Structures are given as structure tokens and as C-alpha cells.
Amino acid sequence: MDGKRRILIMAVVFGLVALLPIFFGGSKVIMHILIMCLIWSVVASCWDLIMGFAGIFSFGQVAFFVIGAYASAIFSLRLGVPPIISTFLAGAVAAAVGVLVALPCLRLKGAYVALVTFAVHMILAPFLKSNMGRAIGTGGAQGLLTIPPISLFGYTFQNAEPIPFFYLTLVVAVICSLIIILVIMSHWGTAFLTLKDSEDFARALGVSALRYKLMVFALTSFLTGMIGGFYGHYVGMLSTRMLGIDLFVTLMIMLVIGGVGQYPGAVLGAFFTVTINEMLAPVGSYRPLILGAMVLILVLALPDGVVGLIRSLFNLGGRGARAGGRMK
Amino acid sequence: MEVIDVIISGMINGSVYALMAVGLTLVYGVSKVFNFAYGSFYSLGGYLAFSILSFKIFGGYVTVLVLAVPALLLFGYVVERAIVAPLRRWSSWEVKVMMLTLGLALLMDNLFQITYGARVKSLPVIVEGSLTVGPVIVSWQDIAIFVLSVSGMFAFRWVLNNTWVGLAVQAVAQNPNGAQIVGIPRDKIFAATFAISTVMVGLGGILLSQKYFVSPNQGWDILVKAWVITAFGGMGSIRGSLYAAFIMGMLEAFVGWMFGLTWVQFALFGVLLATLAIRPQGLMGKWG
Amino acid sequence: MKRLGLWAMALLLGLLVAVPVFAQEIKVGVPLAMTGPYTDTGDNYWKGIKMAIDEINEAGGLLKKKLVPVRFDTQEFAPERVMQGADYLCGQEKVMSVHAGWAGWGQDIRAYGKYDAPFFADDGSQAAVDVFKENPADFANIFQLTDTGINQAASMFRVLMALPYEYPNKKVVIIHADDAWGQEVGDTLEKNFKEKGWEVALKEKVPYGTREWGPILTTIRKINPAIIHVEIVSAQEVITFFRQFMKAPTSSILSYGYSIVPREVVETMGKEADGLIGEVPTAMPTPKAPTPEAQAWVDKFEKIYGHRPQAGSWAAYSGVKAWAAAVAAVGDETKLKEVNQYIATQGYKGETGMWKWDAEHVMRAGGDVPIGHYQVQDGEMVTIYTDPPTKPYLDFKFIKPRWIK
């Protein structure tokens with residue numbers, strides 16, 4: 001799939017999404033769902049960038065999200081930084097942590113990288129709850145309850161009025177998506193593909209695995225952390241409960257549905273998953289059961305996700321045909 | 001005297017971890033499959049034993065063993081053949097397997113919750129009472145866990161080194177394509193490995209559930225612990241996992257004793273990261 | 001076949017939720033954990049809430065309208081999930097009251113405080129009260145069914161001191177979970193013990209999932225404290241602790257605080273658990289209830305569910321009944337502010353007596369709704385004290401645990 005087509009799909013998707021408040025603006029619940037769709041779409045896209053394109057099994061995306069959310073909240077609560085700036089600072093903090101995590105990971109392979117990044121996830125909740133966490137202002141086990149909302153040009157984006165916040169999030173999501181598309185289209189993207197297919201070959205060509213991997217870690221954790229900061233200022237409250245297994249699995253499902261390395265599949269996956277998750281809410285305890293079964297069926301039936309399916313249905317060819325091709 | 005208590009505690013931790021980790025490392029070593037539903041397989045063992053014992057049948061745990069081993073073997077084999085194997089033909093199938101098994105974990109855990117309820121289920125203890133040697137007191141239950149898991153490991157090694165299947169597994173682990181060329185049915189060996197690992201972790205689930213009970217969401221703890229130990233020992237190295245299990249068990253006991261239990265997790269991950277920074281393949285792992 | 005039936009039920013449930021609303025119905029919001037690690041506590045509240053709703057409907061409904069519960073799965077209480085619950089139940093479904101059980105430590109107050117429907121929670125958290133105090137007028141619809149962790153811990157301390165038992169020394173060990181509740185109780189107990197001249201020989205914060213207690217027990221055996229308090233509200237942790245402690249017990253009173261409540265503690269261990277003590281706020285004392293009405297309630301609960309009411313069931317039940325009584329008095333369930341006003345000022349006449357919320361809308365322990373302090377005796381939880389004021393409950397006596405020499 002070439003860049004133009006990706007941009008076209010993105011434009012159509014986000015254009016349609018931008019129109020949704022006309023129909024659903026009256027319902028806070030649906031607006032909230034849409035905002036969460038946009039937020040998760042950024043996280044899922046970043047995950048896809050690092051896992052699908054760069055081929056790094058990073059399992060730390062939720063952790064970077066939470067790090068960003070906490071960092072932004074702490075900056076604005078403790079140092080009085082305006083939230084609109086603190087979200088960027090939060091992105092920087094997440095990026096710094098990302099690079100720190102990346103350094104040991106660069107020498108590792110596959111499941112080891114997954115483990116090290118997941119270790120960050122596992123260790124984050126105890127850290128935030130510990131006395132060290134309390135010392136930097138995480139609020140310990142209670143979390144933070146008074147995170148100020150984002151203000152821009154004298155306007156305050158309250159979660160009680162979701163429509164303005166929705167458009168703000170949409171703008172952020174579009175910017176993030178453009179960055180991701182640019183990365184995929186640029187020589188970075190080509191380098192990643194070469195690295196993923198054959199690291200030795202790429203090295204021989206002079207592609208520095210180390211540099212690219214560090215950069216992709218920094219970039220994805222920056223974007224994820226920034227959107228995490230956004231989330232914190234939107235909801236106004238934070239706790240370590242985000243680090244349960246539920247959210248992690250939900251994000252994974254977004255990638256399953258969207259297809260790994262099938263950007264902008266992850267964006268579609270985010271919208272699909274959040275919507276399905278909400279639609280299944282009335283069945284209560286059967287919801288995760290159905291989600292689990294769905295993952296099984298989708299992975300088996302649609303190894304390249306919905307985007308892969310659409311592509312093969314319309315025979316769009318391009319990279320998808322290669323990704324879906326048989327290995328041996 | 002306390003040190004002896006702590007060492008005993010570490011030994012028991014270690015034997016438990018060894019049992020948990022060995023199946024994970026075996027499967028990864030042989031077929032590069034990382035099984036996210038590993039923790040749920042552990043729970044499956046526990047619930048299987050709970051169900052069998054709830055009939056109050058003759059023989060107690062012996063009957064459980066007789067019934068559970070074939071059941072787990074079959075379950076593991078079918079899961080591998082039916083849902084893991086078909087993914088092998090796709091590119092980046094390792095990620096897809098992770099996703100698939102994550103879905104399987106979600107499905108299984110919630111099936112347990114719906115079938116057995118959210119509450120913790122308990123199994124009768126294997127042996128009661130405790131052994132007192134001077135100031136040191138060890139419960140027979142812990143001794144049983146230690147003895148059974150260590151002998152389980154030995155039995156497992158015996159199978160690997162002395163049976164046709166075991167040797168075939170080793171051959172496939174070393175060179176999958178080569179093994180196929182010499183007539184070893186590679187795909188069946190993959191499935192057999194998966195089935196053996198299911199039995200190992202399922203038996204671990206039975207053995208530990210009579211001490212720690214069984215509940216639907218416990219699997220994640222098990223998965224993470226097993227994962228840490230496997231990576232520390234070197235993925236694919238059974239001996240590495242064994243050492244790693246006891247090192248981590250001791251570490252946990254000593255850190256918990258000297259600094260407090262909150263630090264255990266930090267210490268485990270800290271040691272793991274430090275090890276991986278120096279030896280990316282873990283203690284005894286090989287690249288591949 | 002059983003699963004098929006369950007599926008059909010799930011479908012039916014889904015349809016029930018989706019069925020359009022009739023004029024003669026009142027919707028009641030029930031946000032509880034239905035999946036994930038908090039499912040069991042969610043179930044306890046649901047049992048009480050369902051019992052109250054069924055009772056009201058069987059008696060001809062509220063203002064002759066049928067109560068219809070609208071459930072919402074709060075999963076693991078992520079902040080946006082809590083907020084979404086409020087927007088869904090109050091904003092979209094327009095429920096006339098919300099019954100939540102344990103719902104967080106202040107995040108729920110903010111989320112539901114935006115609306116006016118009466119919101120009943122069992123947070124037991126000072127943080128939640130602090131949020132309320134920021135803006136009592138705005139949060140006028142918030143009602144806590146239990147007292148704060150601080151007051152519950154103080155109550156535990158008073159009862160420990162009141163036990164008819166001579167402590168051999170003044171050393172205590174406090175072990176608590178690393179969540180908001182554990183921290184609040186652990187810190188308060190530490191303060192109380194220190195003020196009374198006790199030595200807090202060990203105060204340890206432990207993560208959930210701890211099941212190997214060897215290292216801590218080694219330290220404890222060396223200290224040989226007079227009291228060990230464990231505050232981890234999760235069955236596996238507290239049962240494994242007890243069993244491993246019993247391998248070589250010290251002469252210590254084992255105080256489990258609120259961790260006594262997971263039903264598995266007595267169901268799994270039975271008489272083995274004899275001697276453990278613990279507390280339940282807003283408690284229905286057992287085995288003998290304080291009034292005939294209360295006894296009838298306990299009997300009815302046991303008949304429906306086949307086991308003793310668990311912590312939270314009665315509190316959540318009473319929340320529904322208190323709201324229903326207020327609606328009946330006001331005469332219109334949609335006059336939310338008046339209903340809130342009524343609950344806050346008039347309270348509610350329950351099975352054990354009067355419920356009165358204080359100025360902070362907290363059901364403070366005491367009066368007719370005290371904190372119950374239990375000891376496991378003969379394999380069941382027996383109320384030995386109520387507090388405040390600290391007094392023995394009927395003629396149930398504290399029994400010196402068998403492991404104390």
C-alpha cells in the first residue's frame with residue numbers, strides 16, 4: 001500500500017469521524033466512546049509502528065501511556081505547568097523512559113524484548129504505589145484525583161462538555177497519524193522493513209539497527225506518553241488500575257482486528273474494538289469470553305486483520321500481498 | 001537459625017518455579033512458540049483436579065493423576081494442532097501466536113470464572129502436619145511439593161533423553177528442517193512438545209493448587225514468573241531454567257526477608273535486566 | 001447444555017437491557033465489577049441490591065412502578081471506566097438512583113457528583129470523604145454506606161484493646177496490602193498503637209498475589225509479637241498466611257480486620273480458622289441478629305442464596321431501601337434533589353434501627369449501625385463486639401485462640 005493510499009484512507013476515516021458529533025453530539029456516553037476511540041487509536045498505531053513495522057515485540061505501550069499520564073498530571077499539579085505544555089513534557093518523559101528501556105532491548109530478540117518491555121509494565125504499578133512514587137507525587141495507591149483540564153486560548157476543555165474535547169483529540173490524533181504515516185513512508189519505514197526481514201542484510205547495506213530501533217522507541221513512546229497526558233487531563237483522575245490486564249488485552253485486540261503492520265488498520269481496529277467492547281457491556285461476564293473467542297477466530301481466519309481482508313477482497317495488492325504470503 | 005528458614009523457603013520457591021518454567025522454555029526452545037495462555041493451562045490443571053476430587057472418588061490424588069495426565073496431554077496436542085500450527089505458514093507468525101494465545105487465555109480464564117465462579121476454590125492438602133528438626137519446622141506439604149517437582153523434572157529429563165519422542169524433540173529443537181529430512185515428523189513433534197508442556201504446567205497447577213488454591217485470574221502471576229525465570233535461565237534451556245528457578249527462589253526469599261516483600265518484584269526484574277544486559281541470551285540460552 | 005442455558009440467559013439479559021422503557025418503570029443504576037479480579041465483591045453487593053429490588057417489586061413496586069436494574073460493568077475501576085459508568089447510567093439511561101458498592105476512593109464521587117441521582121457507595125475511604133468536602137453542595141447526591149478506613153481501623157484498635165485477654169508484651173506487627181484501603185488502615189493502626197505506647201516492630205506493605213510468607217514469618221517468629229494484624233482483602237493471601245503461620249505459631253492474636261470477609265476464609269478452612277478476629281463495617285451481626293426484623297432478613301437472605309450474608313450485601317440492600325423510602329416520602333422519584341435532601345436529613349429506618357448520615361454524607365459507625373467485630377468460632381463468623389461504643393455483643397464471648405500458649 002503506498003503512502004497516498006494510506007493518507008487517503010486516513011482522510012476518509014477521520015473525515016467521517018469528524019462528522020459523527022452531528023449525530024451523536026447529544027449523548028455524552030457516545031462522545032466519550034468516540035474520544036476513547038481516538039485516544040486508543042493513537043496508542044494502537046504507535047504499537048503497530050513499533051511491532052508491525054519495526055518488528056520489535058514491545059509490550060510496554062500501556063506502561064508508556066500511564067507514564068505519560070502520570071508525568072503530565074504531576075507537572076501540572078506540582079509545578080503548575082499549563083496542561084497543554086505538560087502533555088508535551090510528558091511525551092518527553094515517556095520518550096526518555098522508552099530510550100532507557102530500548103537500550104537493553106537492542107541486543108535482545110523476540111520474546112526477550114517482549115519480556116523486558118512487559119517488565120516495565122509489571123513494575124510500574126508497584127513503583128507508582130511505593131514510597132518513591134509518592135515522593136514524586138503519584139499519590140500512591142490512591143492515585144490522583146484533581147488533575148486540571150486542558151486550557152487553550154482561554155478556553156477550558158472540560159470532560160462535561162465532550163464535543164470541544166472531541167475535536168481537540170481529533171486534531172491530536174490526526175497529527176499523530178500523519179507523523180506515523182510520514183515515518184512509514186520515509187526511508188525510516190524502508191529501513192524498518194529491511195531490518196525486520198533480514199537484520200544482517202540491512203546491516204550489510206549500512207542500515208544501523210541500533211539507531212533506528214532507538215528512534216522508533218523514542219518516537220512511539222513520545223506519542224503514546226503525550227496522548228496519555230491528554231487522557232489524564234480529560235478524565236481528571238488517574239490510578240494504577242489502568243495497568244490491569246484488561247486494557248492491555250483490549251489494546252492487543254485492536255491490533256489483531258486491525259492487522260499487524262497494516263497501518264492504518266490499527267486505527268480501524270481501535271474504533272472496532274472500543275465499539276464492540278461497549279456493545280458487549282450488557283452481557284457482563286460473557287464480554288471477555290466473547291472477546292477471547294473473537295481473537296481466536298480473527299487470528300485464524302484473518303491473519304492480516306480487517307484491513308488485510310479488505311485488501312484481499314478488493315485485491316489491492318501492494319505490501320499486503322507480501323505480508324500475507326506464505327513463508328516457506 | 002532464621003537463615004535456615006529463609007533458605008528452606010527459597011528452596012520451596014525454587015522447586016515450584018522450576019516446575020512452572022520448564023514447560024514454557026521447552027516449547028519456546030523447540031518450536032519458538034511463546035504461549036501466553038500458559039498461566040491458564042496452570043489453572044486448568046487446578047480446576048481439573050478440583051472437578052475430579054469433587055466427585056469424592058476412590059484413590060484421591062492418584063486417580064486425579066491417572067485422569068488428568070491424558071486429559072492434559074490431549075488438550076495440549078489438540079490446541080497446538082488446531083489453532084497454533086495453522087499460523088506457522090504466515091509471516092510474522094510469532095506475533096500472531098502471541099495474540100492467539102492471549103485470546104485463548106482470556107477465553108479460558110473467563111470460562112473458568114463462569115463455570116466455577118469467581119471465588120477461590122480449594123483442594124484438599126496432599127499431606128498434613130509438619131516435620132520438626134530442632135528449631136527448623138517444615139510442613140510435609142512443602143516437602144511433598146519439593147520432592148514431587150524435583151522428581152517430575154527428573155522424569156521429564158528421562159523422557160527427553162531416553163524415549164523416541166524425547167530424542168525427536170531434541171532433534172527438532174536443534175534443527176527443525178534437518179530433523180524433517182531424516183524423517184522425524186516435525187509438525188507432530190511440535191504438537192507433542194506443546195502437549196508435554198501442557199502436562200508439566202497442568203501438573204504444577206494441581207500440585208500448587210492444594211497449597212495456593214485455584215482462582216480464575218491467577219494465571220497471569222504464574223505466566224510472568226515463569227517467563228522471568230525462563231528468560232533469566234535462557235529461553236530453550238531446560239537446565240538454565242532449573243538453575244534460574246532456584247536462584248530466583250532464593251533471591252525472592254532473601255530479599256523478602258531482608259528488605260520486605262514489596263521489593264521482591266523490583267529485585268527479580270532488576271536481576272533479570274542486569275543479566276540480560278551482560279548475557280542477552282540468559283544464563284544458559286543459545287541464540288536462535 | 002448448562003453453557004447453552006447460560007448463553008440463552010445472557011441473551012435474555014441483553015434483551016432486557018435493550019427493551020424500551022415503559023412509563024411505569026423506574027431505572028436503578030448498578031455499576032459493579034462483573035468481570036476481572038473484583039468480580040466476587042461485586043457479586044456480594046449485587047446479591048443485596050437484587051434482593052431489595054425484588055422485594056420492592058413483589059410488594060407492588062415503588063410508587064406502583066416497577067424497579068428495573070440497569071447494570072454496568074466497572075471492570076477494574078480504571079478512571080475512565082468509572083466516569084463512563086456515570087455518564088452511561090445517569091446521563092444516558094437516566095437512572096433514578098445508583099448503587100455501587102465499593103467504587104473507588106474519590107474518583108466515583110467526582111464522576112457521579114456531576115449528576116443528581118442519589119449515589120450509594122461503600123468506599124470506606126477518607127480520600128472519598130475529602131473529595132466530598134471540597135464541594136458538599138455539588139456532591140449532595142453522594143452517600144457513603146460505610147465509615148472511612150481511618151475510623152474502621154480506630155475501631156479495630158479499640159476492640160483489640162478491649163479484648164478480655166492479657167497481652168504478654170506490647171509488640172505488634174502490621175501487614176497490609178499496597179492498595180488505598182490497606183494503606184489507610186495500616187497507617188491508622190500504626191499511629192494508634194504508637195500512641196498507646198506499643199512498639200510497631202514490623203509494618204510491611206505487601207503486593208497482592210503474595211502467597212509465600214516464609215520470609216515475613218521468619219521475622220515475625222523472631223519478634224514474637226502480641227498482635228499480628230493482616231489487612232489484605234483477598235482470600236488466597238490471607239489463607240496461605242494463616243496456614244503458614246500455623247506451622248509454628250507465635251503467641252499472637254491474629255487480627256484480620258476487613259480481610260476476614262472473603263467468604264472462602266471460613267468456607268475453605270472451617271474450624272481450622274477458629275480464633276481469627278476481624279471486622280465488618282455496617283454489619284449485620286450474626287449468628288443471632290440484634291432485632292427480629294434483622295433476623296428475618298438474615299433468614300431470607302440465606303434462603304435465597306444458600307449462605308450467610310457477606311460484607312456489603314446488607315449495606316447495599318439498605319442503600320436501595322433507604323432510597324426507596326425517600327422516594328415514597330417525596331412522592332416523585334424524579335425530584336432527585338428532594339430525594340437527596342430527604343435521605344440526608346431524615347435517614348432511614350432499617351432492620352436494626354435508624355440509619356443517619358452525617359454532614360459529610362457518611363454513614364458513621366455507631367448507634368443502630370455499628371461496626372461488627374467477629375471471631376471465627378466453630379467454623380463460622382460470630383459477632384463478639386460492636387463498636388462504637390465498644391461493647392460485647394449479646395452473650396457471645398471472645399475465645400482465646402488455640403495456638404496461644
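If you're wondering where the values come from, they're calculated on a predicted model, not measured in any experiment. So you know, we letter chains A, B, ... as the sequences are listed, proteins then strands, and number each from 1.
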TODO: Salt-bridge test for C/Arg308 and C/Glu380: reply yes if a basic N is under 4.0 Å from a carboxylate O, no otherwise.
DONE: yes
TODO: Tell me, out of C/Glu212, C/Arg221, C/Arg243, who's got the most heavy-atom pairs with chain B below 4.5 Å.
DONE: C/Glu212
TODO: Please determine, among C/Pro207, C/Gly42, C/Ala235, the option with the most heavy-atom pairs under 4.5 Å with chain B.
DONE: C/Pro207
- [ ] Check whether any side-chain N or O of C/Gln236 sits under 3.5 Å from a backbone N or O of B/Tyr212 as a donor-acceptor pair, and report yes or no.
- [x] yes
Open item on the list: Ring-plane angle category for C/Tyr305 and C/His307, please: parallel below 30°, perpendicular beyond 60°, tilted otherwise.
Closed with: tilted
Task: Interface residues of residues 263-271 of chain C facing chain B - non-hydrogen atoms under 4.5 Å apart - done: C/Arg263, C/Glu264, C/Glu267, C/Thr268
- [ ] Pick one of side chain, backbone, both or neither for C/Thr240, based on which atoms fall under 4.5 Å of a heavy atom in chain B.
- [x] both
- [ ] With chain B as the partner chain, list the residues of residues 254-261 of chain C whose heavy atoms fall under 4.5 Å from it, by residue number, and write 'none' if nothing qualifies.
- [x] none
- [ ] Flag the pair C/Trp46 / C/Tyr317 as yes when their ring centroid distance falls below 6.0 Å, and as no otherwise.
- [x] no
TODO: Answer with yes or no after comparing the ring centroid distance for C/Tyr45 and C/Trp102 against a 6.0 Å cut-off, counting only values under it.
DONE: no
Task: Check: C/Ser313 main-chain N/O paired with C/Asn44 side-chain donor or acceptor under 3.5 Å - done: no
TODO: Start with the C-alpha gap between B/Phe34 and B/Trp227, add the side-chain angles, then the distance that decides, and say whether ring pair (Phe, Tyr, Trp, His ring centres under 6.0 Å) holds.
DONE: CA-CA 10 Å; B/Phe34 187 82; B/Trp227 195 358; 4.7 Å; yes
TODO: Taking the side chain as every heavy atom from C-beta outward, state whether B/Ile126 and B/Leu148 have any pair of such atoms under 4.5 Å apart.
DONE: yes
Task: Check: C/Thr218 main-chain N/O paired with B/Asp5 side-chain donor or acceptor under 3.5 Å - done: no
TODO: Look at the side chain of B/Thr25 and the backbone N and O of B/Ala21, then say whether any donor-acceptor pair between them is shorter than 3.5 Å.
DONE: no
